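Working notes for the structure below.
Computed from a prediction, not measured in an experiment: that's the story for all the values here.
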Amino acid sequence: MSTSLLRYKADSRTLAFVVSYYLLAYGGFFLFDYFYESSFWTILIPLCIATCVVCFSTAVIIHNTVHAPIFVKKSHNKIMQYVLSFCYGYSVSAFVPGHNFSHHKELETPKDVMRTSKARFKWHLLNQLFFFFLITSGALKFELKWAAKMKKEKPEWYRQWLLESILVNVLKIGVLFINLPAAILFIWIPHFYALWALMGVNLWQHDGCDPNHKYNHSRTFTGKIMNWFCFNNGYHGAHHDRPSLHWSLLPAYHDRYIEPYIHPNLSVDNMPKYFWKAYIYPGKRINYDGTPYVLAPKVADQDWTEDIFMGDRSHKFDFGAESASVEEMLQITEVVEKEVNEEFHSVV
């Protein structure tokens, strides 16, 4: 474990990706006019694609930081959430209600606004392509309801969420007036892609799994290249088992506590092959064990916000930068580290 500003030295990669996003996005934005006429297809379009890819990586960083803040000091983590909100094009704090509370605590139930049963197309590829649009309205509804609750019960979180939301929208609208086509190509398109892609991840990580099983509730992808760019987000079973565990520790945790017990079909080492079989050919929606998938009855979202009480200590690590002290989080993590001593210390 690092004794520097960062909780873990592995987050030097995190910071490198954040810097890369700003260089690509705003480099492309300010150089747009220079390259527009002579190099639109040869420089600007490839640069836009690269920005989209890195923007998605920063979205994964946002997912990680609301579970396990990057810095030791709370003030640094609060600032980092503003920085990341500009990368993602949406408030980082907004991840807390829909993801940390609704999804993690109510997995695949009517209280999970991101449940995969909302995707109901017969052609499974359409479920993946449109999943973002199917869950957005429900996620936004409860984000706003949660914010109203937090305004009374946890005003420091509410103020962080509100300021992130205001600042990121001022920026996104402001750049449209500076240079409309550049803003669309390098700010709006990458931000939309990151939102669409990150929400879509939920489908292939949980669709056809068993939310009531101790191990088979999530699909894990172990490919090294994908996990390097996505900060081990492929180890989703381990993440659901220990949400506040730092991303650098997930592979070792998976090897020790998940891999020996998970169904072999849920530990996938070749993501492109899985995508081809699941969405292209044969493209059939099936359960993780190969049995036919039976779509659950369509139900409305159920309100989960009233179930959360601020005095419940089980929620203490679920508020991003406004979580319990990092020192307390580190103490909990150290207990897990000791359980898998050599494996964990090889990646810290």
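One distance of note links OG of Ser85 with CG of Leu167; it measures 8.5 Å at 0.5 Å rounding. Note that CG of Asn64 is 12.0 Å distant from OG of Ser244, once rounded to the nearest 0.5 Å. Taking OH from Tyr158 and NZ from Lys151, the interatomic distance works out to 4.0 Å, rounded to the nearest 0.5 Å. Rounding to the nearest 0.5 Å gives a distance of 8.0 Å between OG of Ser39 and OH of Tyr34.
Linking ILVMFWY residues whenever their side-chain heavy atoms come closer than 4.5 Å, directly or via other members, places Phe275 and Trp123 in the same cluster. Grouping the Ile, Leu, Val, Met, Phe, Trp and Tyr side chains by contacts below 4.5 angstrom, directly or via other members, places Leu107 apart from Leu250. In this structure, Leu134 is a member of the same hydrophobic cluster as Phe192, with clusters built from ILVMFWY side-chain heavy atoms closer than 4.5 Å. Linking ILVMFWY residues whenever their side-chain heavy atoms come closer than 4.5 Å, directly or via other members, leaves Leu203 and Val294 in distinct clusters. Taking hydrophobic clusters as Ile, Leu, Val, Met, Phe, Trp and Tyr residues chained together by side-chain heavy-atom distances below 4.5 Å, Val175 shares a cluster with Tyr82.
Using modelled atom types, one finds no donor on one side chain facing an acceptor on the other under 3.5 Å when comparing Gln160 with Ser93. Looking at Thr116 and Glu108, their side chains do bring a donor and an acceptor atom within 3.5 Å of each other. Between the side chains of Gln128 and Asp207, no donor-acceptor pair is found at a separation under 3.5 Å. For the residue pair His239/His63, the side-chain donor-acceptor check at 3.5 Å is satisfied. For the residue pair Glu259 and Ser267, a side-chain donor N or O sits within less than 3.5 Å of a side-chain acceptor on the partner. There is a side-chain donor-acceptor pair under 3.5 Å between Asp241 and Tyr253. Residues His206 and His217 bring no donor and acceptor atom of their side chains to less than 3.5 Å of each other.
Residue Phe309 shares its hydrophobic cluster (ILVMFWY side chains chained together at separations under 4.5 Å) with no other residue. Through chains of ILVMFWY side-chain contacts below 4.5 Å, Leu295 is grouped with Tyr293. Under the 4.5 angstrom side-chain criterion for Ile, Leu, Val, Met, Phe, Trp and Tyr, the cluster partners of Phe177 are Ile173.
Judged as a side chain to side chain donor-acceptor pair (under 3.5 Å), and not counting sequence neighbours, Gln302 has no contacts. Judged as a side chain to side chain donor-acceptor pair (under 3.5 Å), and not counting sequence neighbours, the contacts of Asp307 are Lys111. With sequence neighbours excluded, the residues that form a ring pair (Phe, Tyr, Trp, His ring centres under 6.0 Å) with Phe231 are Phe17, Trp247. Every residue meeting the side-chain contact (heavy atoms from CB on, under 4.5 Å) condition with Cys209, not counting sequence neighbours, appears here in chain and number order: Arg219, Leu266. Annotation: ring pair (Phe, Tyr, Trp, His ring centres under 6.0 Å) contacts of Phe121 (sequence neighbours excluded): Phe130. Asn100 is linked by a side chain to side chain donor-acceptor pair (under 3.5 Å) to His67, counting only residues two or more places apart in sequence or in another chain. A search for salt bridge (charged side-chain N to carboxylate O under 4.0 Å, His left out) contacts involving Asp301 returns Arg115, Lys118, not counting sequence neighbours. A search for side chain to side chain donor-acceptor pair (under 3.5 Å) contacts involving Thr14 returns Asp11, not counting sequence neighbours.
Inter-residue side-chain proximity for Phe131 and Trp196 is flagged as unmet; no heavy-atom pair is nearer than 4.5 Å. At a threshold of 4.5 Å between non-hydrogen side-chain atoms, the residues Val96 and Trp161 do not count as touching. You'll find the side chain of Phe35 stays beyond 4.5 Å of the side chain of Leu47, heavy atoms only. In this structure, Phe32 and Pro181 have side chains that are in contact, with non-hydrogen atoms separated by less than 4.5 Å. The side-chain heavy atoms of Tyr193 and Cys48, taken from C-beta on, include no pair separated by under 4.5 Å. At least one side-chain heavy atom of Glu322 sits less than 4.5 Å from a side-chain heavy atom of Lys74. For the pair Ile184/Leu176, a side-chain contact is recorded, criterion being any heavy-atom separation below 4.5 Å from C-beta on. Taking the side chain as every heavy atom from C-beta outward, Ile70 and Leu6 approach each other to under 4.5 Å.
Cation-pi check for Lys214 over Tyr261 is not met; the charged atom does not lie both under 6.0 angstrom from the ring centroid and within 45 degrees of its normal.
Atom CH2 of Trp276 is surrounded by 12 or fewer heavy atoms from other residues, nucleotides or ligands within 6.0 Å. By the neighbour-count criterion of 12 heavy atoms within 6.0 Å, atom CZ of Phe229 is sparsely surrounded, having that number or fewer from other residues, nucleotides or ligands. Heavy-atom contacts from other residues, nucleotides or ligands closer than 6.0 Å to OH of Tyr22 number more than 12. In Ile280, the CD1 atom is crowded: over 12 heavy atoms of neighbouring residues, nucleotides or ligands sit closer than 6.0 Å.
Checked by atom type and distance alone, the side chain of Ser102 pairs as donor or acceptor with a backbone atom of Val113 at under 3.5 Å. Of the possible polar contacts, none joining the Asn216 side chain to the Asp210 backbone as a donor-acceptor pair under 3.5 Å is found.
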Legend entry - Worked verdict on Leu198 versus Tyr88 for side chain to side chain contact (heavy atoms under 4.5 Å, CB included): CA-CA 10 Å; Leu198 192 65; Tyr88 184 50; 3.9 Å; yes
Inset, instruction - Apply ring-ring contact (aromatic ring centres under 6.0 Å, His included) to Phe101 and Phe319, showing your working. - result: CA-CA 9 Å; Phe101 284 101; Phe319 290 92; 5.3 Å; yes
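Sorted by first and then second residue, the side-chain hydrogen bond (donor to acceptor under 3.5 Å, both in side chains) pairs involving residues 177-187 (not counting sequence neighbours) are Asp33-Asn179.
Pairing each heavy atom of Asn227 with each of Gly234, the nearest pair is OD1-N, 2.9 Å.
Taking the six-membered ring for Trp and the full ring otherwise, Trp204 and Phe221 have centroids separated by under 6.0 Å.
Tyr274 and Tyr279 have perpendicular rings, their planes meeting at more than 60° on a 0 to 90° scale where under 30° would count as parallel. Under the 30°/60° scheme for interplanar angles, the aromatic rings of His99 and Phe95 are found to be tilted.
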